[in-house]
Amino acid sequence: MNAPSAEPSMDEAILESIGRWLDKKVEPVAAELEHDDIYPAALVEDMRELGLFGALIDPQWGGLGLSATTYARIIARISESWMSLTGVINSHLMMALIVQRSGTSAQKDYWLPKFASGELRGGLGLTEVDAGTDLQAIRTTARRIGDHYVVNGGKMWITNSIEGHVLALLVKTDPTAEPRHRGMSVLITPKIDVETGAPLPGVQPGRKLPKLGYRGVDTGEIAFVDYECPADLCLVGGEEGQGFYQATSGLELGRINVAARGVGMARRALRESVRYAQERRTMGKAIAEHQAIQLKLGEMATKVRASELLVEDAARAYDQGGRVDMEAGMAKLFASETALEAATEAMRIHGGVGYSLEYPIERLYRDAPLLCIGEGTNEMQRIIIARQLVARNRI
Ligand SMILES: Cc1cc2nc3c(=O)[nH]c(=O)nc-3n(C[C@H](O)[C@H](O)[C@H](O)COP(=O)(O)OP(=O)(O)OC[C@H]3O[C@@H](n4cnc5c(N)ncnc54)[C@H](O)[C@@H]3O)c2cc1C
């Protein structure tokens, strides 16, 4: 039998270097950048150097080709320090995976190396003012004229739409199609000329939306007015009518990612609470000795562990292939609700200090609710889980 190697695996080595970067570079600046809602440009550059913009892109196009399991561990670790940073890479990778999964060979060769290096960074443009959960209600259209598409419409709540360079944009190529999803396509829509970097006409980034939490990272509006893009490079897969499936097929991994963010944030809330409960003394003893606090810590620790296991389970199932919307939905639902609950309990354990802008608890408390909304609300997760449950157990 071979003795276990003392060398860390490549995945472990990546995690270790990310951990060192978080401790050294992110922790000292996260609170200030977050409170002032400043885009973390220097940290984004670091993430580029760490290869994170290519984390899930196949090595043949210059990515790291990591498994969902390792990716989830990375996302959880970053979220322990500052969840906003995970939005910069995750939205980008959701866009890249649409091309990797459904693009033509020419599209993969053109876009993926630029996405993997972070030279072109972007996100996913699905939501509109009147279309969030009901994605098929979008109104943005793309009309084919010769070898181009002409895009008109507006998107809302789009992460990376201001600082990023390109979006995977869900559009209607046939607004009259029934059922509605048959008229939907995804276009890769750069905001800049890829060769020169000059802004392209017809795309108008709007406001950076003010948010309760998840600050620093840009979430904005964006409008397209007679914006033109070449059909061969931009229509994902080269065939109209596939967009709804292309856009939503990435959501399983997106949900595992949101669940991993929940794990990281809940872990941080627990860690801070365990430490503070031993430091803070009332009635002659550490508050960790009071049963009221012990009940909270016991509940939090159990739910954090359950969240970790649900995320590992969903990521492993994803890596093995096949449909995992039930597993991803369960992980997302439980881990995000746990993050919200753990942040609230951490605030109670910290008393007045938890309410202070000088401690990290208030940030967790403001960031956590987003996890219950993004990548499909938790109401929808319950419905998805139930539907799958019935479908897998038909009588
Ligand atoms: C900070 C932030 C970043 C975001 N980033 C992006 C991004 O990068 N790209 C992007 O495309 N979008 C993004 N979004 C949008 C996000 O995906 C949507 O907000 C989300 O899908 C919910 O849609 P909605 O806000 O329109 O809510 P609605 O769809 O209006 O839902 C409102 C409520 O009704 C419930 N509901 C709706 N339909 C049903 C139903 N059929 N059955 C039961 N309950 C239902 C919902 O669960 C919710 O409780 C972001 C949002 C935020 C807040």
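All ligand and atom numbering here is 1-based and tracks the order in the structure. It should be emphasised that the depicted structure is a prediction, and the values quoted were computed from it without experimental measurement.
Geometrically, ligand 1 and Glu375 share no nitrogen or oxygen pair separated by less than 3.5 Å. Checking only distances, Thr133 does come within under 3.5 Å of ligand 1, N or O to N or O. At a 3.5 angstrom cut-off on N or O pairs, Gly125 does not count as close to ligand 1. Here's the thing with Tyr214: none of its N/O atoms is less than 3.5 angstrom from an N/O atom of ligand 1. The shortest N or O to N or O distance between Gly376 and ligand 1 is not under 3.5 Å. In terms of polar-atom proximity, defined here as any N/O pair under 3.5 Å, Trp157 does make such a contact with ligand 1. Some N or O of Thr127 is nearer than 3.5 Å to an N or O of ligand 1, by distance alone.
Between Tyr227 and Phe224, the angle of the ring planes goes over 60°, which puts this pair in the perpendicular group of the 30/60° scheme. Classified by interplanar angle (parallel below 30°, tilted 30° to 60°, perpendicular above 60°), the ring pair His350/Tyr276 is parallel.
No more than 12 heavy atoms of other residues, nucleotides or ligands sit less than 6.0 Å from atom NZ of Lys25.
When all heavy atoms are compared, the tightest approach of Ala260 to Val311 is N-CG2, 4.1 Å.
The proximity of Leu126 to ligand 1, defined as any non-hydrogen pair under 4.0 Å, involves the side chain as well as the backbone.
For atom 33 (C) of ligand 1, the nearest protein heavy atom is 4.0 Å or more away. For atom 28 (P) of ligand 1, the protein comes within 4.0 Å by at least one heavy atom. For atom 23 (O) of ligand 1, the protein comes within 4.0 Å by at least one heavy atom.
At a cut-off of 3.5 Å, with distance as the only test, no side-chain donor of Ser185 or Glu240 sits close to an acceptor on the other residue. At a cut-off of 3.5 Å, with distance as the only test, a side-chain donor of Lys211 or Thr219 sits close to an acceptor on the other residue.
Ranking protein heavy atoms by distance to atom 39 (C) of ligand 1, first place goes to Met380 SD, 3.8 Å. For atom 26 (O) of ligand 1, the closest non-hydrogen atom on the protein side is Gly132 CA, 3.3 Å. Of the protein's non-hydrogen atoms, the one nearest atom 49 (O) of ligand 1 is Glu379 OE1, 3.5 Å. Regarding atom 47 (O) of ligand 1, its nearest protein heavy-atom neighbour is Thr377 OG1, 2.6 Å. Counting only heavy atoms of the protein, atom 19 (O) of ligand 1 lies nearest to Ile373 CG2, 3.9 Å. In terms of protein heavy-atom proximity, atom 9 (N) of ligand 1 is closest to Leu124 O, 2.8 Å. Of all protein heavy atoms, the one lying nearest to atom 43 (C) of ligand 1 is Ile383 CD1, 3.7 Å. Given atom 2 (C) of ligand 1, the protein heavy atom at minimum distance is Leu370 CD1, 3.7 Å.
Salt bridge annotation for Arg382-Glu379: absent, with no cationic side-chain nitrogen under 4.0 angstrom from a carboxylate oxygen.
Checked against Glu80 for a side chain to side chain donor-acceptor pair (under 3.5 Å), the options Arg261, Arg271, Arg268 give a single hit: Arg271. The only member of Glu362, Arg363, Arg215 that meets side chain to side chain donor-acceptor pair (under 3.5 Å) when paired with His35 is Glu362.
Those atoms of ligand 1 with a heavy atom of Ile158 less than 4.0 angstrom away are 7 (C), 8 (O), 9 (N), 10 (C), 11 (O). Ligand-side atoms of ligand 1 in range of Lys211: 1 (C), range being under 4.0 angstrom from any heavy atom.
Between Asn378 atom CG and Leu333 atom CG the span is 5.0 Å, to the nearest 0.5 Å.
Remark: side-chain polar atoms of Lys114 are paired, donor with acceptor, to backbone N or O of Tyr110 under 3.5 angstrom.
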side-chain contact (heavy atoms from CB on, under 4.5 Å) between Lys285 and His290: does it pass, once the steps are laid out? CA-CA 8 Å; Lys285 55 185 174 183; His290 296 308; 3.6 Å; yes
Show your reasoning for whether side-chain contact (heavy atoms from CB on, under 4.5 Å) applies to Glu327 and Gln388. CA-CA 10 Å; Glu327 292 77 2; Gln388 274 297 304; over 6 Å; no
